[in-house]
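Report on one structure; see the data block that follows.
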Amino acid sequence: MGVAIRTAGESDRELVVRLLDESFREDPVSRWVFPGDAYLARTHHKLMAAFTDIVLAAGWVDVTEDGSACALWLSVPAADPAGAGHDDGPAQVRAAVDPANERVELIGRLTAEIHPADRAHEYLWMIGVAPDRRGEGLGTALMMPVLDRCDREGRPAYLEASNADSRRLYERLGFTVMTDRVLTLPDGPTVWPMWREPLG
């Protein structure tokens, strides 16, 4: 099955936010950040909007032509160790999304701590598929062009899996769990950081 993919622009922002909101409402990490159905329904989309804005500004978003799935990517350079630990991004996201919810900031800080910084790589921040289109291979179709490019250019890729199903999918695509960096959120679910060396 061929899946037509294009790079999203600012005009696609609301589509991407809606896809991510729908895709991650049942995700264990989203439910940890926003406990309770009413709270989740009222607030979750604001975090997805913040993430979308960050990636539209600093990376790129691939979207299927029919608007059923999207992938948010950042090209991450090798870090300058002198600049590590001075990122106010998580606090800014919390202020914009839900200032009273410390978990909005905490998830950003904890995932930043486990994110490898010593090598440049492509970072799959999030991938969202409309709930009624899951199981059709859309996520794989979105990822493969970037992973193929990584293989050609000798560039690794990184992501965090937030549930066991996505972890299994990513393993089939060549990612392996970085067992020394697995994150269990306080009184919450596990996040698996996963790294993929270029194939070939």
Side-chain angles (χ1 to χ4, degrees), residues 8 10 13-14 16-36 38-62 70-128 156-163 166-167 170 175 177-195:
E10 286 293 334
R13 179 184 182 273
E14 295 309 314
V16 172
V17 172
R18 179 181 51 77
L19 271 173
L20 295 175
D21 184 34
E22 292 174 356
S23 299
F24 283 88
R25 284 224 180 168
E26 298 304 318
D27 184 80
V29 174
S30 288
R31 291 200 156 273
W32 177 82
V33 174
F34 303 107
Y39 182 34
L40 183 81
R42 190 172 64 249
T43 317
H44 184 254
H45 70 280
K46 295 179 184 178
L47 183 59
M48 299 302 104
F51 290 165
T52 299
D53 290 341
I54 290 167
V55 177
L56 282 173
W60 78 97
V61 178
D62 288 332
C70 63
L72 283 64
W73 293 93
L74 291 173
S75 291
V76 178
D80 172 8
H86 300 290
D87 183 10
D88 289 332
Q92 292 169 356
V93 169
R94 175 182 176 180
V97 171
D98 190 1
N101 185 346
E102 66 182 19
R103 289 182 176 183
V104 172
E105 181 176 348
L106 185 60
I107 188 67
R109 294 202 181 282
L110 292 175
T111 55
E113 287 175 9
I114 63 171
H115 194 136
D118 57 330
R119 291 173 63 194
H121 57 275
E122 300 299 346
Y123 174 35
L124 178 63
W125 187 321
M126 304 186 84
I127 189 163
Y158 173 76
L159 56 82
E160 296 110 6
S162 57
N163 64 68
S166 64
R167 174 183 165 180
Y170 300 138
F175 287 86
V177 174
M178 304 177 78
T179 54
D180 60 328
R181 295 173 184 251
V182 172
L183 169 64
T184 299
L185 297 170
D187 299 314
T190 297
V191 176
W192 293 277
M194 301 186 75
W195 186 262

- Note on the structure: Minimal heavy-atom distance between L124 and L159, with the atoms involved, is O-CB, 3.7 Å
- May I ask you to check whether E122 and S75 show a side-chain donor-acceptor distance below 3.5 Å? yes
- Report the distance from atom CD of E14 to atom CG of L19, rounding to the nearest 0.5 Å. 11.5 Å
- Item | Which atom of G108 lies closest to which atom of T111, heavy atoms considered | O-OG1, 3.3 Å
- Message: Could you check whether any side-chain heavy atom of I127 comes within less than 4.5 Å of a side-chain heavy atom of Y170, counting everything from C-beta outward?
- Response: yes
- Task: Working to the nearest 0.5 Å, report the span between CZ of R18 and NE2 of H45.
- Result: 13.5 Å
- Message: Check this for me: D180, atom CG, are more than 12 non-hydrogen atoms of other residues, nucleotides or ligands nearer than 6.0 Å?
- Response: yes
- Query: When you check the gap from the basic side-chain N to the acidic O, do R109 and E105 get nearer than 4.0 Å?
  - Reply: yes
- Write down the atom of M48, the atom of L20, and the distance for their closest heavy-atom approach. SD-CB, 3.7 Å
- Item | Given F175, W73, Y123, the one that forms ring pair (Phe, Tyr, Trp, His ring centres under 6.0 Å) with Y158 | Y123
- Side chain proximity check, F34 to L47, heavy atoms < 4.5 angstrom: yes
- Heavy-atom side-chain contact between V33 and N101 under 4.5 Å: yes
- Run the side-chain contact (heavy atoms from CB on, under 4.5 Å) check on I54 and W125 step by step: do they pass? CA-CA 10 Å; I54 290 167; W125 187 321; 3.5 Å; yes
- Between E102 and R94, does a salt bridge (Lys or Arg N to Asp or Glu O under 4.0 Å) hold up when you go through it step by step? CA-CA 7 Å; E102 66 182 19; R94 175 182 176 180; 5.2 Å; no
- Side-chain contact test, heavy atoms from C-beta onward, threshold under 4.5 Å: evaluate it for R119 versus P156 and give yes or no. yes
- Message: For a quick test of reading the model, state the closest non-hydrogen atom pair linking G188 to W32 and the distance between them.
- Response: CA-CD1, 3.5 Å
- What distance do L185 atom CG and S162 atom OG have between them, rounded to the nearest 0.5 Å? 10.0 Å
- Task: Please examine the side chains of V29 and I107, heavy atoms only from C-beta on, and report whether any two atoms are closer than 4.5 Å.
- Result: yes
- Message: Can you confirm whether L40 sits close enough to R25 that some side-chain heavy atom of one is under 4.5 Å from a side-chain heavy atom of the other?
- Response: yes
- Item | Within-4.5 Å side-chain heavy-atom neighbours: H115 and H121 | yes
- Establish, from distance only, whether the side-chain atoms of T43 and D98 form a donor-acceptor pair under 3.5 Å. no
- Given side-chain contact (heavy atoms from CB on, under 4.5 Å), test M126 with F24 step by step and report yes or no. CA-CA 10 Å; M126 304 186 84; F24 283 88; 3.6 Å; yes
- Item | Heavy-atom closest pair, residues P186 and R103 | O-NH2, 4.4 Å
- Whether R181 side chain and I114 backbone form a donor-acceptor pair below 3.5 Å: yes
- Query: Is there side-chain contact between E160 and M194, with at least one heavy-atom pair below 4.5 Å?
  - Reply: no
- Message: Pair L72, C70 - check side-chain contact (heavy atoms from CB on, under 4.5 Å), show working.
- Response: CA-CA 7 Å; L72 283 64; C70 63; 4.1 Å; yes
- Exercise: identify the closest heavy-atom pair between V97 and A50: CG2-CB, 3.9 Å
- Query: Quick one: does S166's side chain have a donor or acceptor within less than 3.5 Å of a partner on N163's backbone?
  - Reply: yes
